[in-house]
Amino acid sequence: MPELPEVETTRRGIEPHVRGRRIAKIIIRDARLRWPIAENLPRQAEDRRIIGIQRRAKYLLFRLEADATLILHLGMSGSLRLVAAQDPPLAHAHLDIILASGQALRYTDPRRFGSLHWCTGDPAQHHLLASLGPEPLSSAFHADYLYGLSRGRRICAKALLMDSRAVVGIGNIYANEALYRAAIRPMRSAGCIGRNRYARLVQAVKSVLAEAIEAGGTTLRDFTDSTGQPGYFHRRLEVYGRGGAACQRCAGIIRMERLGQRATYYCPGCQF
DNA sequence: CGTGGGACCTGCTGGC
DNA sequence: TGCCAGCAGGTCCCAC
């Protein structure tokens with residue numbers, strides 16, 4: 001479900017309610033996420049104060065006092081909501097982080113592709129985070145970086161954008177949208193795209209993600225922020241989910257093809 | 001090494 | 001109306 005803008009929307013919604021609060025209790029109703037939640041994780045985290053929440057790629061990092069971090073990934077269908085601790089849990093509410101304030105962060109994830117890890121020391125060294133590429137909205141993600149990385153590569157431009165070692169946070173929706181904005185065909189070989197076009201692509205990635213964060217993310221079926229509100233960026237999607245519809249820029253018809261099992265949308269008229 | 005495909009899991013949709 | 005195949009916002013891991 002969530003790409004970078006949805007994770008960032010969640011982070012921003014939750015942080016003011018969580019920062020400085022103490023974790024009173026962690027309730028695990030179902031530990032069977034992508035990796036089983038460690039049995040002693042609740043005991044390790046309980047009674048620690050939350051210093052703040054950071055985001056790295058699509059991971060939420062709950063920084064705790066005494067140099068510890070809870071690392072949470074929302075997978076495909078995960079969401080995090082602020083609830084009253086006594087609210088009865090609905091289906092798939094696998095996990096509650098109960099705060100001393102009486103509120104709880106409730107993690108719900110039907111497909112169970114998400115994960116929760118305990119980490120001491122520098123979370124950047126954690127095995128899930130250690131080999132991640134730069135943040136797309138940071139200055140480290142720039143035209144020369146992506147251009148250099150792509151030399152000699154045969155993979156599709158879209159696959160490169162979605163490779164977390166190249167750049168993080170870009171999933172299927174925003175990869176499609178950014179390539180459309182940059183007028184690059186998703187299936188074009190990364191190695192035969194010139195520097196100027198990478199400059200345009202980098203700019204497109206940054207603008208799409210920034211606008212999506214501004215809009216509170218994209219709600220296709222069920223994404224909501226931490227208070228249950230949907231995001232509004234789906235209204236501004238130009239190609240994703242629009243197969244057979246008219247391109248807004250030219251007379252072309254948006255086409256859908258599968259690229260590495262993922263639905264890929266592009267305009268054959270203006271992407272080359 | 002780079003690349004593509006399968007795997008994990010549940011729920012919803014659309015076609016018959 | 002009911003059933004079932006196919007598809008879904010992620011990403012790790014394993015062959016080639």
Side-chain angles (χ1 to χ4, degrees), chain A residues 1-10 29-37 55-60 71-80 90-95 107-117 126-133 136 148-179 186-192 205 208-209 212-213 215-225 230-237 239-244 256-265:
Chain A
M1 164 194 302
E3 298 185 39
L4 187 150
E6 293 73 40
V7 178
E8 180 61 21
T9 296
T10 299
R29 296 188 198 82
D30 192 341
R32 299 171 304 158
L33 300 187
R34 175 160 194 193
W35 296 282
I37 300 174
R55 180 190 54 73
R56 173 73 174 109
K58 297 168 191 166
Y59 294 93
L60 288 171
I71 302 176
L72 179 69
H73 197 287
L74 303 179
M76 283 279 258
S77 58
S79 64
L80 205 51
L90 303 176
H92 310 298
H94 307 312
L95 168 72
Y107 176 71
T108 302
D109 185 4
R111 294 176 73 180
R112 290 191 272 117
F113 285 172
S115 64
L116 179 67
H117 288 264
H126 191 273
H127 70 278
L128 290 172
L129 308 185
S131 55
L132 294 177
L149 196 69
S150 65
R151 292 309 86 187
R153 303 285 300 275
R154 312 167 136 194
I155 55 163
C156 303
K158 182 171 178 240
L160 182 65
L161 269 192
M162 294 177 69
D163 180 349
S164 64
R165 288 162 303 186
V167 57
V168 300
I170 305 168
N172 200 34
I173 294 179
Y174 299 110
N176 279 294
E177 293 299 312
L179 288 161
M187 46 289 292
R188 168 144 243 125
S189 254
C192 62
V205 165
V208 164
L209 294 178
I213 291 170
T218 296
T219 297
L220 291 185
R221 355 183 107 71
D222 56 1
F223 170 76
T224 63
D225 70 11
Y232 293 97
F233 195 73
H234 61 286
R235 297 180 186 171
R236 312 228 324 247
L237 296 177
V239 284
Y240 185 86
R242 297 193 66 245
M256 195 282 265
E257 276 175 46
R258 268 182 197 280
L259 221 59
Q261 345 253 78
R262 313 301 296 273
T264 301
Y265 301 89

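In what follows, chains carry the letters A, B, and so on, assigned in the order in which the sequence lines appear, proteins first and then strands, with residues in each chain numbered from 1.
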A.B. asks: How long is the gap from CG on D225(A) to OG1 on T10(A), to the nearest 0.5 Å?
C.D. replies: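 The distance works out to 7.0 Å.
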A.B. asks: Taking CZ from R111(A) and C1' from dG10(C), how many angstroms apart are they, rounded to a whole number?
C.D. replies: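 Taking CZ of R111(A) and C1' of dG10(C), I get 9 Å after rounding.
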A.B. asks: Is there side-chain contact between L4(A) and Y174(A), with heavy atoms separated by less than 4.5 Å?
C.D. replies: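 The answer is no; the side chains never approach within 4.5 Å.
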A.B. asks: Return the value, rounded to whole Å, for the distance between atom CG of N172(A) and atom P of dA8(C).
C.D. replies: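 Computing the N172(A):CG to dA8(C):P distance gives 8 Å.
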A.B. asks: Near DNA chain B, under 4.0 Å by heavy atom, which residues of residues 156-167 of chain A?
C.D. replies: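 Correct list: empty, so none.
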A.B. asks: Applying a 4.0 Å non-hydrogen cut-off, can you work out what R258(A) is touching in the nucleic acid: base, sugar-phosphate, or nothing?
C.D. replies: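 Here R258(A) touches the backbone only, sparing every base.
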A.B. asks: Does any part of the side chain of T218(A), heavy atoms only, come nearer than 4.5 Å to the side chain of Y240(A), both counted from C-beta?
C.D. replies: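 No; the side chains remain at least 4.5 Å from each other.
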A.B. asks: Might you point out which heavy atoms bring N176(A) and A263(A) nearest each other, and give the distance in Å?
C.D. replies: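 Nearest heavy atoms, N176(A) then A263(A): ND2-O, 3.5 Å.
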A.B. asks: Produce the list of close N/O pairs, under 3.5 Å, pairing protein atoms with atoms of nucleotides 13-16 of chain C; give distances to one decimal.
C.D. replies:
none

A.B. asks: Do L161(A) and L179(A) touch side chain to side chain, with heavy atoms closer than 4.5 Å?
C.D. replies: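 Yes, their side chains come closer than 4.5 Å.
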A.B. asks: Anything under 4.0 Å to a heavy atom of chain A counts; send over the first and last such nucleotide of DNA chain B, read 5' to 3'.
C.D. replies: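 Answer, 5' to 3': dG2(B) to dG11(B).
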A.B. asks: Using a heavy-atom cut-off of 4.0 Å across all strands, would you classify R153(A) as base, sugar-phosphate, or nothing?
C.D. replies: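 The answer is sugar-phosphate, as R153(A) gets under 4.0 Å only of primed atoms, P, OP1 or OP2.
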A.B. asks: Do V168(A) and R56(A) come close enough that some side-chain heavy atom pair is under 4.5 Å?
C.D. replies: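 Yes, at least one pair of side-chain atoms sits under 4.5 Å.
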A.B. asks: Round to the nearest Å and state the distance from L33(A) atom CG to dC12(C) atom C1'.
C.D. replies: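 Result: 15 Å.
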A.B. asks: If each of R32(A) and G152(A) is mapped to the nucleotide of DNA chain B with the nearest heavy atom, which maps nearer the 5' terminus, i.e. the 5' end?
C.D. replies: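 Closer to the 5' end of DNA chain B: G152(A).
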A.B. asks: Are N172(A) and K158(A) close enough that some pair of their side-chain heavy atoms sits under 4.5 Å apart?
C.D. replies: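 The answer is yes; the side chains approach within 4.5 Å.
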A.B. asks: Distance check needed: dG10(C) P versus L4(A) CG, whole Å only.
C.D. replies: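 For the pair L4(A) CG and dG10(C) P, the rounded distance is 11 Å.
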A.B. asks: Mark yes or no for whether R112(A), through its side chain, and R32(A), through its backbone, hold a donor-acceptor pair below 3.5 Å.
C.D. replies: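 Here the side-chain-to-backbone pair exists.
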A.B. asks: Students often get this wrong, so: under 4.0 angstrom with heavy atoms, is L220(A) touching a base, only sugar-phosphate, or nothing?
C.D. replies: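 Since a base atom lies under 4.0 Å of L220(A), the category is base.
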A.B. asks: Counting any heavy atom closer than 4.0 Å, what does Y174(A) reach on the DNA or RNA strands: base, sugar-phosphate only, or nothing?
C.D. replies: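 The residue Y174(A) makes no contact with any strand.
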A.B. asks: Check whether any side-chain N or O of T264(A) sits under 3.5 Å from a backbone N or O of R262(A) as a donor-acceptor pair, and report yes or no.
C.D. replies: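 Indeed, once roles are kept as given, a pair shorter than 3.5 Å links the two residues.
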A.B. asks: NA contact type, Y59(A), heavy-atom cut-off 4.0 Å: base, sugar-phosphate, or nothing?
C.D. replies: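 Result for Y59(A) = sugar-phosphate.
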A.B. asks: Can you name the salt bridge (charged side-chain N to carboxylate O under 4.0 Å, His left out) partners of R236(A), sequence neighbours left out?
C.D. replies: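 Partners of R236(A) under the salt bridge (charged side-chain N to carboxylate O under 4.0 Å, His left out) test: E211(A).
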A.B. asks: With a 6.0 Å cut-off (strictly less than), is the heavy-atom count around CZ of R151(A), excluding the residue itself, greater than 12?
C.D. replies: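 It does: R151(A) CZ has more than 12 such atoms within range.
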A.B. asks: If only side-chain N and O atoms of R262(A) are considered, is one of them under 4.0 Å from the OP1 or OP2 phosphate oxygen of dG9(C)?
C.D. replies: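 True: R262(A) side-chain N/O within range (under 4.0 Å) of dG9(C) OP1/OP2.
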A.B. asks: Please measure how far the C1' atom in dG9(C) lies from the corresponding atom in dT3(B), and state the result in whole Å.
C.D. replies: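 dG9(C) and dT3(B) have their C1' atoms separated by 23 Å.
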A.B. asks: To the nearest Å, give me how far apart CD (E3(A)) and C1' (dA8(C)) are.
C.D. replies: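 Between C1' of dA8(C) and CD of E3(A): 12 Å.
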A.B. asks: To the nearest Å, give me how far apart CG (D109(A)) and C1' (dA8(C)) are.
C.D. replies: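 So the two atoms are 13 Å apart, to the nearest Å.
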A.B. asks: R242(A) side chain to L237(A) main-chain N or O, any donor-acceptor pair under 3.5 Å?
C.D. replies: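 No: the side chain of R242(A) does not pair with the backbone of L237(A).
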A.B. asks: Determine which bases of DNA chain B form Watson-Crick or G-U wobble pairs with both distances under 3.5 Å, and write the result as a 5' to 3' dot-bracket string with | for other-strand partners.
C.D. replies: .|||||||.|||||||
A.B. asks: Grab the CD-C1' distance between E257(A) and dC7(C) for me, whole Å please.
C.D. replies: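 Rounded to whole Å, this separation is 17 Å.
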A.B. asks: May I ask you to say what R34(A) touches in the nucleic acid, namely base, sugar-phosphate or nothing, with a heavy-atom cut-off under 4.0 Å?
C.D. replies: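 Touches a base.
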A.B. asks: Between P on dA5(C) and CD on Q261(A), what's the gap in Å once rounded to a whole number?
C.D. replies: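 Distance, rounded to whole Å: 19 Å.
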A.B. asks: On the 0 to 90° scale, with breaks at 30° and 60°, tag the W35(A)-H127(A) ring pair as parallel, tilted or perpendicular.
C.D. replies: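 The rings of W35(A) and H127(A) stand perpendicular, inter-plane angle above 60°.
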A.B. asks: Side chains of Y59(A) and V7(A), heavy atoms from C-beta outward: is any pair under 4.5 Å?
C.D. replies: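 Side-chain contact under 4.5 Å: no.
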A.B. asks: Using side chain to side chain contact (heavy atoms under 4.5 Å, CB included) as the criterion, list what pairs up with F113(A), not counting sequence neighbours.
C.D. replies: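 So F113(A) forms a side chain to side chain contact (heavy atoms under 4.5 Å, CB included) with M76(A), R111(A).
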